[in-house]
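All values below were derived from every heavy atom in this structure, side-chain atoms included, with hydrogens, water molecules and symmetry-related copies excluded. Residues take their numbers from the sequence shown, with the count starting at 1.
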Amino acid sequence: MEIVTSTGEAFDMDPGMVLEIDRPNVFFSEMGEQSLPVTLPPTERNFKILGNPETTAKRTKSNNRINVSIRTGVFHITGRMAILSANRKTGVQASFFLNTGAFYEKFKDVKLSEIFAQKVVKFTSVTDAITFCKNLMITPDPRFACFPVSIYSAEQQTTSLMLNQRTTEVAADGYYRMYNDVNRTETVDGKSVSVSAGFYISPFIRANHLLSEVMAYMGYTINPNFFTFTQPFPDMVFLNNNIDTIVKGEIRYDQIVPDITVSDLLSLFRNKFCCEFIPDEITKSVDIILFRDLMDEQADVDLSSRLAGFVTPNYAESMRRLKLTSSVMPYLSFKWDDADSTFKRIVVDPASDSISLAEMLSSYPDVEFDKIDGSVYRIGFQGAERMKIKLGTISSNYDSPGELEVEEKTCPDKLVTMDAFPGLFLYPFAGNARAINSTVVFDKAENSAASGDKQAETLDAMLCFCIHNPADKYDFGTAYNYNLAGTKLWDYSLAPCGPDGLFEKFWRKYDTLLRNSLNTVNADMLLTDADKVSLLAHKKVIINNQEYLPKVITYPVNVDAPMECSFLTTQIYDPEDNAPTEASRFEPAPYYWEPMSIKNPSGYTLMNYVDTPNLVFRDPPTAEQYAAGGRFFEATYNVKFGNYTEGGSISNPVSGTITTWLEARMR
């Protein structure tokens, strides 16, 4: 066996030294392919190649990560050698990261801000930067997108702020102008503040562009994949909440990328879309593979002839179910206030005191779902009024009913919710406004805003889709897949829950296996050198006419000997257990209540209750109630009637009553 560096230098080896390699299935392991530690002999050649790691009496740092090739017979594989320790007497202890192991090991603890620290798009002026951002909505750019998002101002205690807001004025190019393309004046804490053109305008980096740049930095290219050719994922972006991204006439990548590491970025995709990054260390390219696609494929590798004994099934004490969570809960812009039984538009961050969506669905039989804004709400009745009470959104952690042990997949991101502001428009809600290039400094004489340094809060990873529609002359963003007219735009939502959400579209097959299979099967395998190089740990194999997923492929290098490998069953065993479909969980009851009323006297346009009725919630009608028909929950209230005068006031209020009841209807 030879271990050769990228410069062609070969290490001295002890005769008969054997490497024992573990190649885990990365869908079921946080680690990539790697060896157990071995010791290289303490020769001058080895110490010289490694830059004398055995001594600290030197001025330069030791290189404890080296690109190498391991060769023996037809076996030839590239990877990274990690120096663990060095001693003049005992030698150099090292381990080797191969294929996925080498890939993930390179990315360990590297922050995106470090990668993009020097990457800047410069403009000759702020005006040119504004024009660039507006043009992103006219001609799509593979790097960035631009559309309105709602943000929260801690100073103003309001979500009435927006990035990339448009005006109603159409410019000469036929597209709407951006609201902040000129100097504006805002009121903060009762003071007038001059806001220069370019504030509240910020582009969003496309997710595919970010991935490509990160991989290029690490020496890889990404092959065409699901995210590059499936709508709407080419238009998926990472939001930011920067109010001053372009005020210096430039776009700095490190200010608009999430404040996470590369490992976090890969975990985000892995734990959101149930996919894996599979590298080819020869071509330095990366495939992105979806688990659901792997399970649809037929196994084409039969390892039955490699068996060196019998298979040994190991049965788990209990099956498991999947739970999908995000590390940062989304901001909620609405909350029910128990103190005065009102529904207030306030910001809650985090939503730690709200019940989970799973609890909500199981607790309230009258919960309904709005596919346009992703909201989950209850229908209440207050006198003659039907009240729509928002409880939460499908941008919540996914869980399903049951007593099975939970396997949790946590995504290092913040889920995006939709905010209804202003009017009937919906905008992604990006949370707290974030200043990175300026701060508001009040001049006592002028009450003007001046530039200054500001330590900004960290930028969470927030994924969102961009809707580019030239007919609208403006781009919009959404976390879901319906427009305001209720038209389905595409088949995918970025919410974990819901009929088109992440669980249903990406994780169901994984959850089904958790609930019904994935028992570990051990077997001693005598693999050939060709197997050791080419066998893919993430693809199904056949053993004795049964399909298995590899769990860990273990093999020795420089010797032919059987070693124990482990596999996972894919057979769905009876009685089959499946999570309820999201469509069924959000399906409304077949019957609903319609509020009816009679005014006495009639003919008045205005009505005020003498005593405000309580807000009450009713279980949906039963089939028997619908069949019986008639009035249910009838009540009479004392009211004051009136009509509008020309000036807008109420004239000559008249005492009267209103009788209300509910009638059962079929959807």
Side-chain angles (χ1 to χ4, degrees), residues 110-136 141-155 161-165 178 180-181 195-214 216-217 236-262 264-265 268 328 331 412-414 416 428-441 449-464 466 477:
V110 179
K111 292 185 71 68
L112 296 189
S113 56
E114 175 186 335
I115 294 175
F116 293 111
Q118 304 304 318
K119 194 168 182 65
V120 185
V121 180
K122 291 186 175 292
F123 304 95
T124 57
S125 65
V126 174
T127 300
D128 286 345
I130 295 171
T131 300
F132 175 83
C133 290
K134 180 189 175 182
N135 286 340
L136 293 174
D141 187 292
R143 300 167 297 171
F144 310 108
C146 188
F147 49 81
V149 300
S150 172
I151 56 175
Y152 173 66
S153 169
E155 289 80 9
L161 291 177
M162 292 184 65
L163 297 181
N164 308 321
Q165 184 177 359
M178 301 190 79
N180 291 102
D181 62 3
V195 179
S196 301
F199 277 82
Y200 297 101
I201 295 176
S202 184
F204 308 124
I205 190 166
R206 293 186 186 270
N208 282 328
H209 175 54
L210 175 60
L211 274 178
S212 295
E213 290 290 315
V214 168
Y217 179 87
M236 185 169 66
V237 303
F238 282 97
L239 294 181
N240 64 71
N241 43 22
N242 305 338
I243 66 171
D244 56 358
T245 298
I246 64 170
V247 297
K248 293 184 177 180
E250 61 184 20
I251 299 171
R252 298 194 61 87
Y253 272 64
D254 59 355
Q255 294 180 351
I256 64 173
V257 299
D259 188 25
I260 57 177
T261 65
V262 178
D264 289 335
L265 178 64
L268 188 155
V328 182
Y331 292 90
D413 73 335
K414 178 193 287 185
V416 172
F429 184 46
N432 286 333
R434 177 175 180 259
I436 46 179
N437 295 310
S438 64
T439 187
V440 174
V441 179
S451 296
D453 293 330
K454 180 177 177 66
Q455 183 64 41
E457 65 178 38
T458 58
L459 177 58
D460 295 313
M462 298 177 284
L463 284 176
C464 186
C466 174

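Taking the side chain to side chain donor-acceptor pair (under 3.5 Å) definition, one finds that Glu114 meets it with nothing, sequence neighbours left out. With sequence neighbours excluded, the residues satisfying side chain to side chain donor-acceptor pair (under 3.5 Å) with Asp259 are Lys111.
Heavy atoms only, all atoms of each residue included: Asp141 and Arg206 are closest at O-NE, 2.5 Å. When all heavy atoms of Thr245 and Gln255 are compared, the pair lying nearest together is O-OE1, 4.2 Å. Closest approach of Gly198 to Ile246, counting heavy atoms only: O-CG1, 3.4 Å. For the pair Asn240 and Pro203, the tightest heavy-atom approach, listed with the atom from each and the gap, is ND2-O, 2.8 Å. Smallest separation of non-hydrogen atoms from Met178 and Ile201: CE-CG2, 3.9 Å.
In this structure, Asp244 contributes its side chain and Phe199 its backbone to no donor-acceptor pair below 3.5 Å.
Atom OG1 in Thr261 sits 10.5 Å away from atom CG in Leu268 (nearest 0.5 Å). In this structure, CG on Asp413 lies 8.5 Å from CG on Asp460, to the nearest 0.5 angstrom. For the atom pair Leu163 CG and Asn242 CG, the distance stands at 7.5 Å (nearest 0.5 Å). In this structure, NZ on Lys248 lies 10.0 Å from NZ on Lys122, to the nearest 0.5 angstrom.
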Quiz item: Hey, mind stepping through Thr131 and Asp128 against side-chain hydrogen bond (donor to acceptor under 3.5 Å, both in side chains) and telling me if it holds?
Solution: CA-CA 5 Å; Thr131 300; Asp128 286 345; 5.1 Å; no
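You'll find the side chain of Val257 stays beyond 4.5 Å of the side chain of Leu265, heavy atoms only.
Applying ring-ring contact (aromatic ring centres under 6.0 Å, His included) to Phe204 and the options Tyr253, Phe147, Phe238 leaves one that passes, Phe147.
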